[in-house]
Number of protein chains: 2
Amino acid sequence: MPRPTLADVARAAGVHPGTASRALNPDLPDRITAATAKRVREAAQRLGYVVDSMGRSLRTGRSRTVGVLVPDLTNPVFPGMIRGIEDELRAHDYAALLANTDNEVTREAELIATLKARQCDAFIVASALRDDPVVRELVTAGDRVVLINRLLDDTTASAVLSDDQSGVAAAVTHLHDLGHKAIGHLAGPRNLSITQARRDAYSHSMTSLGLRHPRNYFVHASAYTAAAGHDAALRLIERSDVTAIVAGNDMLAVGCYTALEQLGLSCPKHISVVGYNDMPLAEHLRPALTTVRMPQYDMGVEAARLIMNILGASEEVSPETIFVPTELVSRSSTAPPAARPRAISQRS
Amino acid sequence: MPRPTLADVARAAGVHPGTASRALNPDLPDRITAATAKRVREAAQRLGYVVDSMGRSLRTGRSRTVGVLVPDLTNPVFPGMIRGIEDELRAHDYAALLANTDNEVTREAELIATLKARQCDAFIVASALRDDPVVRELVTAGDRVVLINRLLDDTTASAVLSDDQSGVAAAVTHLHDLGHKAIGHLAGPRNLSITQARRDAYSHSMTSLGLRHPRNYFVHASAYTAAAGHDAALRLIERSDVTAIVAGNDMLAVGCYTALEQLGLSCPKHISVVGYNDMPLAEHLRPALTTVRMPQYDMGVEAARLIMNILGASEEVSPETIFVPTELVSRSSTAPPAARPRAISQRS
DNA sequence: ATGAAAGCGCTAACAT
DNA sequence: ATGTTAGCGCTTTCAT
């Protein structure tokens, strides 16, 4: 026997479909007798009825679905956020439609089109570039959008961010407390807002501690990956006398590790490294990575809450930015500075 | 102006909606004049028309959506698979609806109900327990299901698996070639089919190499996590004289690392460790993990292909099992055996 | 080859 | 408080 329909339930309960609908959606204007409501619910239960979301969506114009765009699911930061998003959405009877953009704007555009075709009510975007044309279009066109771990240049949208200012400050201060003066920064690619935020936070922290930070103390990696971090770390270490590195995220910190290994240097003996995010497995790297913990799950939850607020409001709500607090997790990749050995083995 | 509908396109092209529908879905029985087809397509293009999948689904009874159930997105094996699934599905104009089961059967049941309500045409399940009642129900009820990296006891369903037999054999042989005789196995939880498959493969490999493998040479971890692996590895090392461990997956191998560290032993000096999966970051652990690579992305692609075949067929297709080949990746966690130091520090 | 019309399952406006 | 009715956007059978 096929899936029971609302009409089946209504028939079984001896009422009309409209009544059955109202009985099962108690928050509607017109109320229903407790008795009939009960009868309908029981019939639904007995037949194993579940609403057909297609029929409902077609009628209401809303799908109770939120599109979630991430740049790369294999980056371990995102799964945590997604869990948070999913859990919070489900609590409101919404589902997440997930898509990878691969950091490609064209793919992002394509996916957004697909998601719109599937009638997503809103979008949570973790993949936005600073000048992302597709996402900007989405925001300016009045679609409901929440950014997560990202911002757009020149366009305000609701967003959930970690408090990079205090996070980076904690990292720099931690290294300073250990006795480091020559602290470098391995920044991510320029086209992401977090890169800029963390770099500014680095400069600001160094300045307020009275530490020099000449141009050769920081370098940009071409992506937030271990490989790009490796290349950039080689440049940073060869061109400067830094005894410690604040990496833009944990994957870049991993790149520092492999660069140090290649140069015959050891962490934290010769150079200390601090990451950012506290991704899964960070504590299982060797040395265990000192890093700034970003509450990924909570960020996801907050993003979903923002979206639910926006969807629940009858009028347009003004954009809101939520900063989640960070926490320095001190492990084994940081130690007091020691002299770097004279001869650095050249690149292979 | 609101999203254009098919009627809008039809009007713009000077045809009736039915004709427009046929023009845009070229693989239907009745063909259309090349001229009108072109006219309709151009109108659609011009207006920026995208089909409303709700309307279509309501009419056709199919949603072009596949539910994907994973036990835990933060386990780094799954993102790769999901990427493969997504890419292949999208090539056929299908979307994936993703959900985490958290390894809880009740949550799994709930999610499947939700996904059914959203009219998923099929399911790809990476979360099935050997005796999973919910998934079994799905299979026996005739729903379209493909399992990935999992099997059910007593119920045949289409599945994509890694070739554990040869994968584990490669690991054992590798250790044997290095000179190890006392090779232990750190297995996963008993309620998963891969645990059983890998354990059987271990026994079989040991036997065919003529190696002893008494009961104290293997132990089950309570979950495929680093913490559970840690506990089980302590038991294995304390109760046996193994000089090498084949771990059920990479997370368990990480547990071996921390257990060894706690015991004051070093890897690979005192004990060699081989993982399974070659998850992201495996090469960035210290020591870099020797492991059996499982082509996660390809497995996802294969699972999606199976589903597309099943969905495309007019009749019921008989279940098919695809084994993907594995490859041993030799890194730094394996080396020739050395005597284990006499005194093992007791557990803290 | 195209037009006409019905209907998928649901909800909301209107009627009682 | 409940019944009646219309229609969301699409596909498809039937007619021409």
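Keep in mind it's a predicted model, so treat the numbers as computed, not measured.
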Given side-chain hydrogen bond (donor to acceptor under 3.5 Å, both in side chains), test B/R136 with B/T155 step by step and report yes or no.
-> CA-CA 7 Å; B/R136 169 170 298 141; B/T155 308; 3.0 Å; yes
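When the salt bridge (Lys or Arg N to Asp or Glu O under 4.0 Å) test is applied to A/E42, the partners found at least two apart in sequence or on another chain are A/K38. Residues that satisfy the side chain to side chain donor-acceptor pair (under 3.5 Å) test with A/R150, not counting sequence neighbours, are absent from this structure.
One atom, CG of A/L24, and another, C1' of C/dA12, lie 15 Å apart when rounded to the nearest Å. With rounding to whole Å, B/M54 atom CE is found 14 Å from D/dT11 atom P. Rounding to whole angstrom units, CG of residue A/L6 and P of C/dG9 are separated by 11 Å. Here C/dT16 presents its P atom at 15 Å from CZ of A/R22, a figure rounded to the nearest Å. Separating the CG atom of A/D52 from the C1' atom of C/dC8 is a distance of 9 Å, rounded to the nearest angstrom.
For the contact set between residues 57-64 of chain B and DNA chain C, defined by any heavy atom under 4.0 Å, the members are B/L58, B/R59.
The list of side chain to side chain donor-acceptor pair (under 3.5 Å) pairs with a residue in residues 67-80 of chain A, not counting sequence neighbours, reads A/D72-A/T74, A/D72-B/R83. The salt bridge (charged side-chain N to carboxylate O under 4.0 Å, His left out) analysis of residues 51-68 of chain A, with sequence neighbours excluded, yields the pairs A/R3-A/D52, A/R62-A/D121. Counting only residues at least two apart or in different chains, salt bridge (charged side-chain N to carboxylate O under 4.0 Å, His left out) contacts with residues 295-314 of chain A comprise A/E88-A/R305, A/E302-A/R305.
When each of B/R39 and A/V50 is assigned the nucleotide of DNA chain C bearing its nearest heavy atom, the one mapping closer to the 5' terminus is B/R39. Projected onto DNA chain C by closest heavy-atom contact, B/A20 and B/G55 fall at different nucleotides, the more 5' of which corresponds to B/A20.
Listed nucleotides D/dT11, C/dT2, D/dC10 differ in distance to B/N25; the shortest reach to its side chain belongs to D/dT11. Of the candidates D/dC10, C/dC10, C/dA1, the closest approach to any side-chain atom of B/R56 belongs to D/dC10. Across C/dT11, D/dT2, C/dT2, the shortest atom-to-atom separation from the side chain of A/P17 is found for C/dT11.
Interatomic distance, A/L69 CG to A/F123 CZ, rounded to the nearest 0.5 Å: 7.0 Å.
Side-chain nitrogen and oxygen atoms of A/T19 include none within less than 4.0 Å of the OP1 or OP2 phosphate oxygen of D/dT2.
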